[in-house]
Amino acid sequence: MTTFYAIHSTKLPQSLIHVRKNTNLSIYSKRNCPQNPTYQTTPLLHCSEATIFSTAVKEEENANMKIQATLKNTEKYSKELEIAVRAVHVACLICKKVQENLVVSSNEQVQSKDDNSPVTIADWSVQAIISCLLSEAFGSEHVDIVAEEDVQALSMTGASGILEAVVRTVNESLSESLRFGLKCPLEDLGAKEVLAAISKCNSTRYNQGRVWVLDPVDGTLGFVRGDQYAIALALIDDGEPVLGVLGCPNYPLKKEWLSYNHGYQRILSKQGSPLSESPDRGCVLYAKRGTGKAWMQPLLNYDKKFVWPNSARQIQVSSIDNPALATMCEPVEKANSSHSFTAGLAHSVGLRNQPLRVYSMVKYAAIARGDAEIFMKFARAGYKEKIWDHAAGVVIIEEAGGVVTDAGGNQLNFSRGIYLEGLDRGIIACAGSKLHEKIIRAVDASWNSSSL
Ligand SMILES: Nc1ncnc2c1ncn2[C@@H]1O[C@H](COP(=O)(O)OS(=O)(=O)O)[C@@H](OP(=O)(O)O)[C@H]1O
Ligand SMILES: [Mg+2]
Ligand SMILES: [Mg+2]
Ligand SMILES: [Mg+2]
């Protein structure tokens with residue numbers, strides 16, 4: 001004789017599955033089972049409307065697998081994210097100190113690289129600190145990193161003063177990292193070890209397994225001018241950015257202070273307050289791919305109020321999709337992105353607000369936080385965008401609900417080396433797909449008549 005059991009198809013208790021696995025009973029499920037609890041063990045005589053139990057079991061198993069996968073996903077990279085966020089906090093705090101010194105003292109700590117771009121003790125120190133903290137947390141042999149700086153200029157004979165300053169800064173910062181619950185070397189590092197930590201960041205494993213991507217100071221020009229800059233750390237797994245952490249030590253917590261048309265420093269000095277006493281500023285943004293969530297923590301100070309873990313609040317892109325109300329941000333330097341091209345685009349799309357010119361990946365942060373709606377960068381022909389200038393920002397904007405592509409609407413490719421290979425014209429990040437489509441169409445319409 002066949003015995004039927006009525007069960008609620010999607011809420012199948014484990015005990016019933018157990019029965020099925022250990023007996024030869026044919027069990028059926030009936031979707032609209034009127035009984036409460038969700039199943040009954042009374043034999044069902046009218047089972048024509050019931051769906052076959054195996055389907056219900058499948059559903060349950062699939063649901064379980066989904067839950068397991070979600071759990072696994074939640075756990076996946078969680079230690080990496082935790083360490084990366086803490087390490088970026090440490091880096092932000094040391095950068096603030098270095099920047100305050102730079103702004104009040106002479107500029108001898110600023111060096112020029114071969115391409116005439118600036119590099120400072122903060123760039124090298126942050127690279128050494130993050131390299132070291134990741135190695136301490138995960139074991140040096142398990143950590144692949146690629147980062148912007150090398151030790152060429154730092155190892156030159158004339159640079160011994162700078163190297164000394166870097167070593168001092170690194171050790172000071174590493175000992176402070178204990179307050180964030182991070183592991184750090186037991187003893188102070190010597191110059192050789194600091195140079196080794198910086199040199200370690202030259203991995204070439206871009207599309208096999210995990211590689212950390214770091215821009216120790218993005219927007220070094222902004223940094224030396226006492227303005228905006230960012231510390232950008234991302235984790236790429238099999239060529240895909242999966243974690244993004246952006247430290248923005250000067251990003252005001254309130255949007256209205258982010259007005260760069262007159263220069264950040266000048267705004268502060270107009271108010272008569274030096275950088276160190278300026279309004280609440282400094283935050284760390286982060287996101288994990290696939291979660292649909294992005295977060296922001298205020299930057300801590302090493303004062304009485306210092307408490308770790310820090311509080312985080314969820315951030316989201318702006319809901320504005322009307323170009324007339326949208327704000328576009330772009331690089332400060334004309335040499336880094338054509339202001340005339342974006343001005344033409346802005347006009348053709350109907351943007352009315354003044355562009356927000358901000359140094360560094362703080363632009364990505366502004367979109368993710370909902371403080372601006374569009375970010376565009378069109379470098380001159382021949383310039384190749386680097387992965388560390390974008391990876392962290394892309395994860396954060398996308399998880400905050402935004403869209404980032406090249407000007408052809410393609411996803412950025414982080415798997416082919418230190419450059420964003422195959423990039424079509426420029427980078428476009430928007431708060432939503434409606435704005436994004438409009439910008440992409442406008443680029444196509446005006447590209448051929450441009451001089452880019
Ligand atoms: N010529 C040229 N064209 C385009 N991009 C360039 C160029 N030179 C440099 N860079 C890279 O731009 C990074 C800074 O970008 P920003 O958007 O912050 O530009 S700006 O400083 O606001 O003008 C900057 O990052 P950092 O070196 O980390 O500051 C560079 O990687
Ligand atoms: Mg950079
Ligand atoms: Mg940099
Ligand atoms: Mg640089």
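Order of appearance sets the numbers: ligands from 1, and atoms from 1 within every ligand. Counting from 1, the numbers follow the sequence of the chain as shown.
Protein heavy atom nearest atom 27 (O) of ligand 1, with residue, atom name and distance: Glu148 OE2, 3.1 Å. Nearest to atom 21 (O) of ligand 1 among the protein's heavy atoms is Tyr359 CD2, 3.3 Å. Atom 18 (O) of ligand 1 has as its closest protein heavy atom Ser360 N, 2.4 Å. The nearest heavy-atom contact from the protein to atom 31 (O) of ligand 1 is Asp389 OD2, 2.6 Å. The protein non-hydrogen atom at the shortest distance from atom 11 (C) of ligand 1 is Tyr383 OH, 3.1 Å. Summary of contacts: the protein heavy atom closest to atom 19 (O) of ligand 1 is Asn336 ND2, 3.1 Å. For atom 25 (O) of ligand 1, the nearest non-hydrogen atom of the protein is Asp218 OD1, 3.1 Å. Residue, atom and distance of the protein heavy atom nearest to atom 22 (O) of ligand 1 are Val332 N, 2.8 Å.
Between the side chains of Asn250 and Gln99, a donor-acceptor pair is found at a separation under 3.5 Å. When only modelled atom types and interatomic distance are considered, Thr405 and Asn410 share no side-chain donor-acceptor pair under 3.5 Å. A donor-acceptor contact closer than 3.5 angstrom links the side chains of Asp237 and Tyr77. Checking Thr342 against Glu330 by side-chain atom types alone, a donor-acceptor pair falls below 3.5 Å. At a cut-off of 3.5 Å, with distance as the only test, a side-chain donor of Thr220 or Asp123 sits close to an acceptor on the other residue. For the 3.5 Å distance criterion, the side chains of Ser203 and Asp144 qualify, holding a donor opposite an acceptor.
For Val217, the heavy-atom gap to ligand 1 drops under 4.0 angstrom.
Taking 2.8 Å as the limit, the number of protein N, O or S atoms around the Mg ion (ligand 4) is 1.
A cation-pi arrangement is present between Arg425 and Trp447 under the rule of less than 6.0 angstrom and at most 45 degrees off the ring axis. In this structure, Arg369 is positioned above the aromatic face of Tyr251, its NZ or CZ under 6.0 Å from the six-membered ring centre and within 45° of the axis.
Neither the backbone nor the side chain of Asp115 has any atom closer than 4.0 Å to an atom of ligand 1 (non-hydrogen atoms only). When non-hydrogen atoms are compared, ligand 1 lies under 4.0 Å from neither the backbone nor the side chain of Arg357. With a heavy-atom cut-off of 4.0 Å, Leu221 does not touch ligand 1 at all.
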Carefully, step by step, assess Ile428 and Ile440 under the rule side-chain contact (heavy atoms from CB on, under 4.5 Å). CA-CA 8 Å; Ile428 296 168; Ile440 296 267; 4.1 Å; yes
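The N, O or S atom of Asp389 with the smallest distance to the Mg ion (ligand 2) is OD1.
Listed by number with element, the atoms of ligand 1 under 4.0 angstrom from any heavy atom of Gly219 are 26 (P), 28 (O), 29 (O). Close approach to Asp215 involves these atoms of ligand 1, each under 4.0 Å from a residue heavy atom: 28 (O). Counting the atoms of ligand 1 from 1 in the order shown, those under 4.0 Å from a heavy atom of Ala335 are 1 (N), 2 (C), 3 (N). Close approach of ligand 1 to Lys363 is summarised as follows: ligand atoms under 4.0 Å from at least one heavy atom of the residue are 16 (P), 17 (O), 18 (O), 22 (O).
No more than 12 heavy atoms of other residues, nucleotides or ligands shown are found within 6.0 angstrom of CZ on Arg352.
Between Lys434 and Glu373 there is no salt bridge, since none of the side-chain N atoms of the basic residue sits less than 4.0 Å from a carboxylate O of the acidic one.
Between the choices Met361, Lys377, Lys386, the shortest heavy-atom distance to atom 5 (N) of ligand 1 belongs to Lys377.
Here the rule is side chain to side chain contact (heavy atoms under 4.5 Å, CB included) with Ser199, and of Val151, Leu154, Val194 only Val151 fits it.
Contact check for Cys201 versus Glu148: no side-chain heavy atoms found under the 4.5 Å cut-off.
Summarising the geometry, atom CZ belonging to Arg210 is positioned 6.0 Å from atom CG belonging to Leu235; distances are rounded to the nearest 0.5 Å.
In summary, the aromatic rings of Phe375 and Tyr364 are positioned with their centroids under 6.0 Å apart.
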